[in-house]
Number of protein chains: 2
Amino acid sequence: MPSSTKPATRTEIVELADQLIRLKGFNAFSYADIAGIMDVRNAAIHYHFPSKADLGISVIGEELKRVAAGRQDWAHLPGDEQIKRIMQGFFDKSRKGMICLTGSLTPDYETFSPEMQHKLVEMCEAILDWVAYCLEKGREERTLHFHGRARDRALLVLSAMLSSLLLSRVLGNNVFDRMMDQLLKDLGTSPAKWVEKSPDWLL
Amino acid sequence: MPSSTKPATRTEIVELADQLIRLKGFNAFSYADIAGIMDVRNAAIHYHFPSKADLGISVIGEELKRVAAGRQDWAHLPGDEQIKRIMQGFFDKSRKGMICLTGSLTPDYETFSPEMQHKLVEMCEAILDWVAYCLEKGREERTLHFHGRARDRALLVLSAMLSSLLLSRVLGNNVFDRMMDQLLKDLGTSPAKWVEKSPDWLL
DNA sequence: GTCTATACCTTGATAGAC
DNA sequence: GTCTATCAAGGTATAGAC
């Protein structure tokens, strides 16, 4: 199956929804936005995703898959390196004026259906689990240094990554670099160099 | 003018809009929500705020006033104490299931009118200015300890406060306490004790 | 699987009487 | 300053033909 194959409609819808959520937020995009880009009718989208919540849940589901894949593929890497690669993914998003799903969806939490709320909880916990795992791994490898439980530290790291995207869009791109520099220094590791064109990384 | 005086309609509208933004987000609340609570008609709200952007700008304007007032009223306090009082305001919000305006509005930035975008930038910068000022003051007073520029550190502090509200709602209230404990420890100061019923503090 | 067509609701907003 | 009445636009969603 060549990688140039046009993705199945269903897949394309989810990808577009993901982008729109990261640009405008879940409550601000519509089926018409997606239909317009794909040049199909409104109803075609509803065939694949009867309700908007179904679509939202699928978008989150894909993110969960990416997290699982990232954990597997990078399992051999040191903890600090994994953290930096996760950050690189955030860098990519920041240059596209996009924010992460956590930063986009958690503010709207109260407006979601119970099923979607539950899926969002799942996603946040999966990401935190991974970050905590990387931090603990790095601490054992003596390349990362911090006090307290890795799980609590993961909250601060995720928080900084998430906010760096929110604030970059409003205050300018250098916010991302300044925040990540500070964050890595806090963790006692060397600053990272962000690459402009990276193969569209995680999260 | 007794404090029991019913606030002017205009003021009440802005207060309700503020609450709704913190609960559901700017794009998810409607004039009808406010009209319903106040038991007036839709058009009455439009009389005071012709467009929704006008209302949003007023809500942000009030936040700017609160920041200015906070800086003035607490100017005599040590930097670390000011930081803790700002955090107490966030604690209050967290117990009401609310998030801060920065956390609610920045994700929807791209959907706002240019005027509202500009006002939001103004707000973020005012808050960052204040936090940076407190941090620098605390460093000079030798009660706060951190490396790097106060302005960059302020980004991390605001980021943690903002995210603690986003994540508390999704993952449970103890997230707030765990994050603030870590954050204060990072700044080399003693943990704070949050008071359940505080006189509805800032931000 | 996609289309046409449409139902139904909510939204932000306006005009004009009181 | 608030009301009634109304509007156009856009939202989610469904039915049924192809």
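Just so it is clear, the values below take in all heavy atoms, side chains as well, and ignore hydrogens, waters and symmetry mates. Lettering follows sequence order; numbering is per chain, from 1.
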- [ ] May I ask you to say what Phe29(B) touches in the nucleic acid, namely base, sugar-phosphate or nothing, with a heavy-atom cut-off under 4.0 Å?
- [x] sugar-phosphate
Task: Sequence neighbours excluded - salt bridge (Lys or Arg N to Asp or Glu O under 4.0 Å) pairs with any residue from residues 29-57 of chain B - done: Lys24(B)-Asp33(B), Asp39(B)-Arg41(B)
- [ ] Check the distance between dG10(D)'s P and Asn27(A)'s CG and give it to me in whole angstrom.
- [x] 18 Å
Task: Distance below 4.0 Å between Ser30(A) side-chain N/O and dG10(D) OP1 or OP2 - done: no
Open item on the list: Can you measure Lys52(A) atom NZ to dG10(D) atom P for me and round it to whole angstrom units?
Closed with: 15 Å
Open item on the list: When you compare the side chains of Ser168(B) and Lys93(B), does any donor N or O come within less than 3.5 Å of an acceptor on the partner?
Closed with: no
TODO: Report the distance from atom NE2 of His48(A) to atom C1' of dT14(D), rounded to the nearest whole Å.
DONE: 16 Å
Task: Residues in contact with DNA chain D, drawn from residues 34-43 of chain B - heavy-atom cutoff 4.0 Å - done: Val40(B), Arg41(B), Ala43(B)
Task: Distance, rounded to the nearest Å, where Asp54(A) contributes CG and dT12(D) contributes P - done: 13 Å
Task: Short side-chain N/O contact from His46(A) to OP1 or OP2 of dG1(C), under 4.0 Å - done: no
- [ ] Consider the side chain of Ala44(A), meaning its heavy atoms from C-beta on, and name the nucleotide among dA13(D), dT2(C), dC3(D) that approaches it most closely.
- [x] dT2(C)
Open item on the list: Please determine whether a side-chain nitrogen of the Lys or Arg among Asp92(A) and Lys197(A) lies less than 4.0 Å from a carboxylate oxygen of the Asp or Glu.
Closed with: no
Task: Residue-phosphate contact under 4.0 Å: Tyr47(B) side-chain N/O, dT2(D) OP1/OP2 - done: no
Task: Thr143(A) versus Thr189(A), side-chain donor and acceptor atoms under 3.5 Å - done: no
Open item on the list: Just checking Lys96(B): does its NZ atom have more than 12 heavy atoms from other residues, nucleotides or ligands closer to it than 6.0 angstrom?
Closed with: yes
Open item on the list: Just N and O in the side chain of Thr9(A): are any of them under 4.0 Å from OP1 or OP2 of dG1(C)?
Closed with: no
Task: Between P of dT11(C) and CZ of Phe26(B), the distance in whole Å - done: 13 Å
Open item on the list: Using a heavy-atom cut-off of 4.0 Å across all strands, would you classify Tyr31(B) as base, sugar-phosphate, or nothing?
Closed with: sugar-phosphate
Task: Integer-rounded Å distance: dG1(C) P and Ile13(A) CD1 - done: 10 Å
Task: Side-chain ion pair, Arg85(B) and Glu81(B), N-O less than 4.0 Å - done: yes
Task: salt bridge (charged side-chain N to carboxylate O under 4.0 Å, His left out) assessment of Arg66(A) paired with Asp73(A) - done: CA-CA 10 Å; Arg66(A) 285 189 290 268; Asp73(A) 297 350; over 6 Å; no
- [ ] Return no unless some side-chain N or O of Ser51(A) is found under 4.0 Å from OP1 or OP2 of dT12(D).
- [x] no
